[in-house]
Amino acid sequence: MLSITREFRFEAAHRLALAHLTDEENTEIFGPCARIHGHSYRLRVTLSGTTNAFGWILNFSELKKIVYQHVLSEYDHACLNELHDYRNDIPTAENMAKTIFRRLEPHLQGPNYRLLRICVHETENAWASWEADHALCS
Ligand SMILES: Nc1nc2c(c(=O)[nH]1)N=C([C@H](O)[C@H](O)COP(=O)(O)OP(=O)(O)OP(=O)(O)O)CN2
Ligand SMILES: [Zn+2]
């Protein structure tokens, strides 16, 4: 299977907490992550596909424009808990991977490619990913 991946970085704050719990209860479950803190996130966007007449799946610079327009313009330097995307969900790496996939999927579909995977790195050692059911490959 042929794929391309582009990596992006963004800075954001979040806290892991359930709205119906007290601060004490949230601290018991989420530890220090119940307090607001920041991460230098790394986002990896992977497309699967076939090469077109230009010899690529999608121009990396076009991919960059789409990710900036539909994700990073809102996520970079944001408090994730305040975003509409997380009004009902805790902004864990898992929920972010799923949410970003859903945001980008309609904008990353061409005759020769599909969005295959979103990977959200919260730290250098910890990440979550969400993958499409089907890759587009020849
Ligand atoms: N499955 C998940 N577990 C945790 C998440 C998550 O999104 N999914 N998030 C957090 C916190 O956001 C926390 O900021 C990161 O936790 P951790 O990896 O423990 O970060 P540290 O800086 O403490 O890592 P060290 O490598 O131990 O310094 C928690 N869990
Ligand atoms: Zn965190």
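In listed order, ligands and their atoms are each counted from 1.
Under the 4.0 angstrom criterion, atom 21 (P) of ligand 1 counts as lacking any protein heavy-atom contact. Of the protein's heavy atoms, none falls inside 4.0 Å of atom 4 (C) of ligand 1. Counting protein heavy atoms under 4.0 angstrom from atom 28 (O) of ligand 1 gives zero. For atom 8 (N) of ligand 1, the nearest protein heavy atom lies under 4.0 Å away.
In this structure, the side chain of R114 engages the main chain of G110 through a donor-acceptor pair within 3.5 Å. In terms of modelled atom types and a separation under 3.5 Å, the side chain of S73 and the main chain of Y68 share a donor-acceptor contact. A distance-only check finds no donor-acceptor pair linking the side chain of N112 to the backbone of T51 [under 3.5 Å].
The L16 neighbourhood of ligand 1 comprises atoms 9 (N), 10 (C), 11 (C), 12 (O), with distances under 4.0 Å to a heavy atom of that residue. Which parts of ligand 1 touch H14 is read off a 4.0 Å heavy-atom cut-off, strictly below it: atoms 12 (O). Ligand-side atoms of ligand 1 in range of E122: 5 (C), 6 (C), 7 (O), 9 (N), 10 (C), 11 (C), 12 (O), 13 (C), 15 (C), range being under 4.0 angstrom from any heavy atom.
The nearest protein atom to atom 26 (O) of ligand 1, hydrogens excluded, is given as N125 ND2, 3.8 Å; this is a heavy-atom distance. Looking only at heavy atoms of the protein, atom 17 (P) of ligand 1 is closest to T123 CG2, 4.8 Å. Here the protein heavy atom with the shortest distance to atom 6 (C) of ligand 1 is E94 OE1, 3.7 Å.
Distances from ligand 1 to the non-hydrogen atoms of M96 include no value under 4.0 Å.
Considering backbone and side-chain atoms together, T92 places no N or O closer than 3.5 Å to any N or O of ligand 1.
Within the 4.5 Å cutoff, the side chain of W56 has no heavy atoms near those of the I4 side chain.
Classified by interplanar angle (parallel below 30°, tilted 30° to 60°, perpendicular above 60°), the ring pair F10/Y41 is parallel. Aromatic ring pairs are classed by plane angle as parallel below 30°, tilted from 30° to 60° and perpendicular above 60°; the pair H107 and H70 is parallel.
For the residues C33, A97, A128, the heavy atom positioned nearest atom 11 (C) of ligand 1 is part of C33.
Only one option out of T92, N81, T99 pairs with Y86 in a side-chain contact (heavy atoms from CB on, under 4.5 Å); it is T99.
Using a 4.0 Å cut-off between charged nitrogen and carboxylate oxygen, R103 and E74 count as a salt-bridge pair. Of the charged side-chain nitrogens involved, at least one lies within less than 4.0 Å of a carboxylate oxygen, so that D23 and R15 count as a salt-bridged pair.
Residue contacts to the Zn ion (ligand 2): C33 brings no N, O or S atom closer than 2.8 Å.
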Point to revise | Steps toward side chain to side chain contact (heavy atoms under 4.5 Å, CB included) verdict (T46, L116) | key: CA-CA 5 Å; T46 300; L116 176 64; 4.0 Å; yes
Exercise for review: List the steps, then state whether side chain to side chain contact (heavy atoms under 4.5 Å, CB included) holds for E122 with H14.
Suggested key: CA-CA 11 Å; E122 207 170 64; H14 74 166; 3.2 Å; yes
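The angle H39:NE2 - the Zn ion (ligand 2) - H37:NE2 amounts to 110°, with values rounded to 10 degrees.
Under 4.0 Å from ligand 1, heavy atoms of A93 appear from its side chain as well as its backbone.
Taking the N/O/S atoms of H14 in turn, the shortest distance to the Zn ion (ligand 2) belongs to NE2.
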